[in-house]
2 protein chains.
Amino acid sequence: MDNLHLAPIIIGKLLNIGGMLQRQGNKILLPFDLNQQQFSVFFEIVKVGKVKQKDMVNRLLLEKAHVSKVVKKLQKMELITVTVSGEDKRSYWLSTTQKGEQTLKKCMKIFEEWNKEWLGAIDEKQLPLMLENLTQLQSVFKDKIKKNDI
Amino acid sequence: MDNLHLAPIIIGKLLNIGGMLQRQGNKILLPFDLNQQQFSVFFEIVKVGKVKQKDMVNRLLLEKAHVSKVVKKLQKMELITVTVSGEDKRSYWLSTTQKGEQTLKKCMKIFEEWNKEWLGAIDEKQLPLMLENLTQLQSVFKDKIKKNDI
DNA sequence: ATTAAAAAGTTTCCATGGATACTAAAGATT
DNA sequence: AATCTTTAGTATCCATGGAAACTTTTTAAT
């Protein structure tokens with residue numbers, strides 16, 4: 001049984017779906033003056049609470065230059081605070097402001113509504129299995145990228 | 001049983017995976033002077049054989065302005081030919097050149113290798129089910145976007 | 001037939017994000 | 001201690017892609 005010939009079709013669909021979601025996500029976040037990638041950085045900061053800028057690069061596997069710009073933007077928008085680390089003057093601590101937490105809540109509300117609406121058409125029983133599959137894919141791909149980096 | 005609370009997690013993972021694949025896809029296609037989106041347009045044209053530019057917009061659900069630019073680029077690279085439609089002078093027919101077909105073959109080879117390597121870490125037995133899930137998601141999301149458009 | 005509306009593409013503007021080179025601080029090496 | 005290397009982050013360059021305004025052709029309405 002050689003199912004590996006399905007690989008390009010699966011990857012193709014993941015790419016297509018990812019693109020659709022990203023574009024739709026951008027539209028939905030428009031009122032907040034954020035796009036989907038910026039939101040994902042922001043979300044991660046709030047989730048972790050206090051995090052080094054460097055760690056964000058590893059967590060999300062984005063370019064550090066990109067993260068730098070997003071951080072600047074979030075700071076300007078007063079959604080996060082950036083403080084110099086004591087021990088290492090090169091590195092920064094990122095954490096949420098109150099305004100940031102409030103904004104996140106509003107974003108999440110709209111985001112979740114959207115997500116539920118879009119997945120509402122899928123049989124609920126399938127969702128846990130889907131999640132399992134995606135979790136596995138995510139961790140495998142992350143691994144591959146990290147190994148490629150070295 | 002309310003599994004719909006999984007929705008944001010599933011969408012989040014799809015976004016994350018999509019991003020990783022897109023960035024990696026861009027890197028892999030670099031030698032061909034194409035990025036992942038341009039490739040997907042190109043691939044669709046070759047797959048269909050002869051297609052109206054307008055239909056490409058519907059098939060891939062991209063902005064027509066974007067498609068216009070990609071088409072121009074592909075034409076400049078001599079991968080496709082663009083001919084004015086006889087009946088309707090506003091619309092164009094897109095089709096592959098020989099160079100285009102050769103280039104696509106080379107791309108696909110590298111692309112498929114990459115795909116197989118990345119999915120090689122997944123249990124083969126799961127792939128058909130994954131594909132089924134993704135196909136369903138893809139069609140549901142496409143529907144949602146189209147309805148939103150109207 | 002004339003005017004109005006829609007449709008197919010293009011152009012232009014601008015924020016975005018990847019790549020590269022750079023700065024400054026920290027760690028390693030001699 | 002002085003020099004070399006690595007590391008965290010920034011600045012700069014440039015192709016990309018979304019949004020909106022625009023052109024031209026086609027279709028609809030009066």
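The analysis underlying the following values was restricted to heavy atoms, covering all of them including side chains, and did not include hydrogens, waters or symmetry mates. The chains referred to below are lettered A, B, ... by the order of the sequence lines, with proteins before strands, and numbering in each begins at 1.
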* For D:dT16, does OP1 or OP2 lie under 4.0 Å from any side-chain N or O of B:Gln37? -> no
* To the side chain of A:Lys73, which of C:dG9, C:dT16, D:dT24 is closest? -> C:dT16
* **Inter-residue atom distance A:Leu29.CG - A:Phe111.CZ, 0.5 Å rounding** => 5.5 Å
* Just checking B:Glu87: base, sugar-phosphate only, or nothing, at a heavy-atom cut-off of under 4.0 Å? -> sugar-phosphate
* Asked: Roughly, in whole Å, what's the span from NZ in B:Lys27 to C1' in D:dA15?
  -> 17 Å
* Structure fact -> d(B:Ile11 CD1, A:Leu131 CG) to nearest 0.5 Å is 11.5 Å
* Nearest whole angstrom, please: distance from the P of D:dA8 to the CG of A:Leu62. => 16 Å
* To do: Nearest-nucleotide wise, let me know which of A:Asp55 and A:Leu30 is further upstream toward the 5' end of DNA chain D.
  => A:Asp55
* Asked: In whole Å, what is the span from the CG atom of B:Asn58 to the C1' atom of C:dA8?
  -> 12 Å
* Asked: Nearest 0.5 Å, what's the CG-CG distance between A:Leu14 and B:Leu134?
  -> 5.0 Å
* Asked: Whole Å only: how far is the CZ atom of A:Phe39 from the P atom of C:dT16?
  -> 16 Å
* Nearest-Å distance for atom pair CG/P, residues A:Asp88 and D:dT6 -> 17 Å
* A:Lys89 vs C:dA25: side-chain N/O to OP1/OP2 distance below 4.0 Å -> no
Check: residues 37-53 of chain B side-chain donor-acceptor pairs under 3.5 Å, at least two apart:
unit_1, atom_1, unit_2, atom_2, d
B:Gln38, OE1, B:Asn35, N, 2.9
B:Gln38, OE1, B:Lys73, NZ, 3.1
B:Ser40, OG, B:Gln37, O, 2.8
B:Glu44, OE2, B:Arg59, NH1, 3.0

* **Residue closer to the 5' end of DNA chain C, A:Leu34 versus A:Glu63 (nearest nucleotide)** => A:Leu34
Restricting both atoms to N or O, compile the protein contacts to nucleotides 10-12 of chain D shorter than 3.5 Å, with distance only.
unit_1, atom_1, unit_2, atom_2, d
D:dT10, OP1, A:Lys72, NZ, 2.5
D:dT10, OP2, A:Gln53, NE2, 3.1
D:dT10, OP2, A:Ser68, OG, 2.5
D:dT12, O4, A:Lys69, NZ, 3.4

* To do: Report yes or no: do A:Ile9 and B:Leu129 belong to one cluster of Ile/Leu/Val/Met/Phe/Trp/Tyr joined by side chain heavy-atom distances under 4.5 Å?
  => no
* Return no unless some side-chain N or O of B:Asn35 is found under 4.0 Å from OP1 or OP2 of D:dG17. => yes
* When you measure from the side chain of B:Thr97 to the backbone N and O of B:Glu78, does any donor-acceptor pair fall under 3.5 Å? -> yes
* Can you tell me the distance, in whole Å, between the CD1 atom of B:Ile145 and the C1' atom of D:dG18? => 14 Å
* Once you round it to whole Å, what is the distance between P of D:dT16 and CZ of B:Arg23? -> 17 Å
* Asked: Between the base of C:dA26 and the side chain of A:Arg90, is there any donor-acceptor pair under 3.5 Å?
  -> no
* Asked: Quick one: side chain to side chain contact (heavy atoms under 4.5 Å, CB included) partners of A:Lys89, sequence neighbours excluded?
  -> none
* **Separation of atom CD in A:Gln24 from atom C1' in D:dG18, rounded to whole Å** => 13 Å
